[in-house]
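As structure tokens, the structure follows; a few thoughts come after it.
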Amino acid sequence: TSATPQQQQQQQQCQRAQDTDRERETERDRQRQRDRERKRARPGVGAAARRRGTMFSGLLDAYTKELGEFVSTVREDTSTALSSAAARLQQRLGEEAGRLDGAARGSR
């Protein structure tokens, strides 16, 4: 079956509308590409912000590493100090227990 002249006209209008939409989308894509190229071509605020972000990230990584080392050192030092204090306390308690035991034997 062949289309009526009115149907053919509607099909042509629809085709023109689709072509126009495609052309607009293509132009938007080209404009986006030009914008991206322009941003890359001239270091502007975006580039400066990226440099600052990279610098800040590097500083944060260094600080985190140093903080981790500090915490590790404090943990080791604390453990050593507590072990030493516990050993001295145990020694004193042993000495005191010995004295008390000797005093108890002497009073009998």
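- Legend: side chain to side chain donor-acceptor pair (under 3.5 Å) pairs involving residues 77-88, not counting sequence neighbours, sorted by first then second residue: Ser84-Arg88.
- Partners of Arg75 under the side-chain hydrogen bond (donor to acceptor under 3.5 Å, both in side chains) rule, at least two apart in sequence or in another chain, do not exist in this structure.
- For the salt bridge (charged side-chain N to carboxylate O under 4.0 Å, His left out) test, residues two or more places apart in sequence or in another chain that qualify with Arg34 are Glu27.
- A search for side-chain contact (heavy atoms from CB on, under 4.5 Å) contacts involving Glu76 returns Ser72, not counting sequence neighbours.
- Atom CZ of Arg16 has more than 12 neighbouring heavy atoms from other residues, nucleotides or ligands inside a 6.0 Å radius.
- Applying the side-chain hydrogen bond (donor to acceptor under 3.5 Å, both in side chains) rule to Asp35 yields the partners Gln31, Arg38; only residues at least two apart in sequence or on another chain are considered.
- Applying the side-chain contact (heavy atoms from CB on, under 4.5 Å) criterion to Gln91, with sequence neighbours excluded, gives Glu95.
- Here Glu96 pairs with Arg99 under the side-chain hydrogen bond (donor to acceptor under 3.5 Å, both in side chains) rule; sequence neighbours left out.
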Side-chain donor/acceptor pairs under 3.5 Å, residues 54-71, sequence neighbours excluded:
unit_1: Thr54; atom_1: OG1; unit_2: Arg50; atom_2: O; d: 2.9
unit_1: Thr64; atom_1: OG1; unit_2: Leu60; atom_2: O; d: 2.7

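- Take Arg24 and apply the side-chain hydrogen bond (donor to acceptor under 3.5 Å, both in side chains) test, not counting sequence neighbours, and it matches no residue.
- Evaluation of the side-chain contact (heavy atoms from CB on, under 4.5 Å) rule for Asp29 yields Glu25, Arg32 as partners, not counting sequence neighbours.
- Contacts of Gln15 classified as side-chain contact (heavy atoms from CB on, under 4.5 Å), with partners at least two apart in sequence or in another chain: Gln18, Asp19, Arg22.
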